[in-house]
Amino acid sequence: MDPVLEVRNLRVEYRSDGRTVVGADRVSFAIGPGEIFGLAGESGCGKSTIANAVMRLLKPPAQITAGDIRFQGRDVLALAGGELRAFRWRQIAMVFQSAMNSLNPVLTIGEQIGDIFTTHEKLSRRAARDRAGELLELVGIDPERLKAYPHQLSGGMRQRVVIAMAVALHPRLLIMDEPTTALDVVVQQEIMAQIRDLQRELGFSILFITHDMSLMVELSQRIGVMYGGRIVELAAADDLFAKPLHPYSEALMNAFPPLTGPRRELTGLFDAPRTTDSCGFHIRCPPDRSDCSMNIPDLREVAPGRWVARSTEGDLR
Amino acid sequence: MRLILRNLGFYLVAFWASITLNFLLPRFMPGDPVSRMFAQSQGAMQPEQIAQMSKLFGLDDRPLWEQYVTYVKSVFTGDLGISISRFPTPVTEVIGAQIGWTLLLGTTALIIAALLGNLLGIVAASRRGGLLDSAFPPLLIFVGSFPYFWLAMGALYLFGVSLGWFPLRHAYDAGLTPGLNAEFLANAGTHLVLPALTIVAVTVGSWMLGMRNSMIATAAEDYITMAEAKGLSPSRIMFRYAARNALLPSVTNIGMGLGFVVGGALLTEVVFAYPGIGFQLLAAVQRLDYPLMQGIFLTITAAVLLANFLIDIVYVRLDPRVRVR
Amino acid sequence: MTAVDTTGTTSTVAAPAPGVRGQTRRHGLARQLLSSRKALSGLCLLAVFALLALLAPVLAPGDPSLINSSGSQGPSGAHWLGSTTKGQDVLALTLWGARSSMLVGFTVGIVATGVALFVGLAAAYFGRLMDDALTLVTNIFLLLPGLPLLVILAAFLPPGTATVVLVLVITGWAGSARVLRAQARSIRGKDFVAAAAVTGERPLGIMFREILPNMASVVMTTLLGCVVFGITSQAALEFLGLGDTSVVSWGTNLYWASSDGALMTGAWWIFVPSGLCIALVAFALALVNYAVDEITNPRLRSAQRKG
């Protein structure tokens, strides 16, 4: 089947005061219908940049300088104005990092959910309210809470509200940018279960972004590991979990304890071998460290469906 | 609710502080201003009036705390003494006759400046780098650098003296009697234009810059990105999601702005000889009319505190977050 | 989100000591100020006025209040800026006026910022009761209508330049104190302050050696704001006749211009120069202030041009 989302050779730069920092470079991946694809990596590796690029939410100084993004064959980068607004949320919806910050503190939950229907389905306020109530029920919240303001809900409830909003228009793809980072472990598990249930029910694809490898492995079917703005390894979740090929993937896996299985000693991300001019994950850092992505080799297919950034000279290790 | 009560307590403390300041000033200032005042107005006063005034101003042998209690009591019963320059009118009456003009001038200017400034701020923030955004702030800063009264003098000279578009002084023509008829209102209106416009001209910039910066800060919030991701139209995001939040600091500024306008109107009133209490305050100072001076100061303070209290109540209605705290 | 910056700074350089960090930041601020067009033009303008004030006795020797021509003459070769209604030289009055106005403005600015800094730092450092008490006092002073308070105080105190300075400091410190307290509080919460407290540094040491260097730019903005306040308020007070009318300053120049009826006779040259000077100095200070703001808060910069 054709992929729902296809990102090819995407490059995003942050340009300010004559200085350019590369946010993402030569990023390519595809997500199939109903597939859950994970992007993993530490904070600042470019995961959220990718998410915002797909939604066309990047603002100056960030700009897409190369590559293309196709959604069901449509060129996302060519959308503009009303077309783009209609595309957003109906085709791709997004759950942002912090529910507290992504809900407007001075509007009620009902008003913020209702907005979606009044905008995209031209519903009256009253009809939009009713639909909003149904959505809340879907994620297990009393519709009475429509009148509540965000600060009156618990952290878990707010995240549910945001998830309910994301599935409001039955989009084909859901982007989840660290959806559970701010929550405690118990609530985190509840939310994850909720997401899985909804996904089974509604059949959307998910682009799941997190730095937490245990959550990632739990949910995703395929995973891309990002480092320094590049994807350094792309593999099925099971394969990656069984044997990470890139040293950074391995370090990232070791930085989080698995939820199940035997105890293992944790290693820090930067316990990897390093010298004065290399952090150990790529061959050599550039002198001004402005664009490390240059020194990360391109992805090479080492087994069917299994890609890793590796120079032609052979194994990094 | 608790927030409102707490603020009410604070305003009462502030009012008490200004009463106390009023009480202490004539008693502890060097140069014995009170004697100067009495010396000047010796002839006009009856002996019992002199006795009463001396009590009010501390020419009194009783212990200080006793004087203080009497003073606070008389302020709260509305007895601010008798004006010396307008002897024998009570101070409250002098103030009552003129405060209306100050309120008219102050609120007109405040409302126009706040509305216009906030609107310009929103527009400037939404067109970053546009003409309004890049050329206006420096221009406004430049205009705002001129002394208030000097701009007023310039406007008076240009539009009043040279061009003759507007009347030069007072709140209405000498021949008219105040009343609710079209002729009087129109006349009072033309007298209001120049004073009010000068206040607007120098205050609109800070409203605009404040709103612009507040909008820019708000635009970086996640919920704005979320609204954008939801596919809402730019105008809806601008007004429903950003402006309302960005306006909140502006609402509190109105309270502060009122203090500034009522206080600053003093200069405007002096330049345009506009018969408000600011004009009266300066007249009282020039004639060493201490009771009137102090009465006006207390009245202005009370008005500013009251306005701030009302603003607090409005704010609680606008921002659901403070309701629970 | 910058992908590469984080990887670049992972080398194991020890974090610099807080004092050092403050200093480098301050130097950075000074350098950035000098490369900002706004700040540079503001500073140049200020320098010109400082020079004019200093050189007034050379440029216009003798008593500026001396009556040396017929009254109300427009600008001419003999009197470049004309003469007042009384017959004094406007240029001399303006030059000499700069001395008093700049002196009072900067004195008020420095003293008021000093008071505000002390109150703000003490409130932030000691917290609790001290904070509550100082904040209460600050808020009361903020809320009391400034100009009427100024007028009342000036009316009761004996007239003179010292009174003007005192009165302006009393009414001018509170706004800055609030800003400085907020900033100091956020720095107070940082780890290096706690570390300094643990190592036994004294409260004053912590306030002025640890916290202060890290809020240099805020102190700078409030100082500039206070100077502007000082200059314009002095002018306003003197314009109302509440200063010492025998001193020559921009404010008293305007007072005499107004009370001698220059406005009504159309003698614009009498009241334009002093007002323009006040505005230019205030504008210069505002420019520097704006530049500092832009440097420390880059989001405010308009999208296309940089300061």
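The chains referred to below are lettered A, B, ... by the order of the sequence lines, with proteins before strands, and numbering in each begins at 1.
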Max heavy-atom pair count under 4.5 Å with chain B, selected residue of A/I116, A/N101, A/D115, A/V95:
A/D115
So, does A/R125 use its side chain to make a donor-acceptor pair with the main chain of A/G114 at under 3.5 Å?
no
Where does B/R240 contact chain A at under 4.5 Å (heavy atoms): side chain, backbone, both or neither?
both
Specify which of A/V162, A/N52, A/L103 makes the most heavy-atom pairs with chain B at under 4.5 Å.
A/L103
Of A/K59, A/M55, A/R85, which is the lone residue that meets side chain to side chain contact (heavy atoms under 4.5 Å, CB included) with B/E228?
A/K59
Residue B/I224 versus chain A: region with a heavy atom under 4.5 Å:
neither
Is a side-chain N or O of A/S102 found less than 3.5 angstrom from the main chain of B/M226, in a donor-acceptor match?
no
Name of the residue among A/D75, A/I50, A/V76 meeting side chain to side chain contact (heavy atoms under 4.5 Å, CB included) with A/I69:
A/V76
Most contacts with chain B, counted as non-hydrogen pairs under 4.5 angstrom, among A/T119, A/N104, A/L57
A/N104
Heavy-atom distance under 4.5 Å to chain B: side chain of A/T118, backbone, both or neither?
side chain
Determine whether B/I122 and B/M211 make a side-chain contact, defined as any pair of heavy atoms from C-beta on separated by less than 4.5 Å.
yes
So which of A/R90, A/H120, A/R56 has the biggest tally of heavy-atom pairs under 4.5 Å with chain B?
A/H120
Short side-chain to backbone donor-acceptor contact, B/K230 and A/Q112, under 3.5 Å:
yes
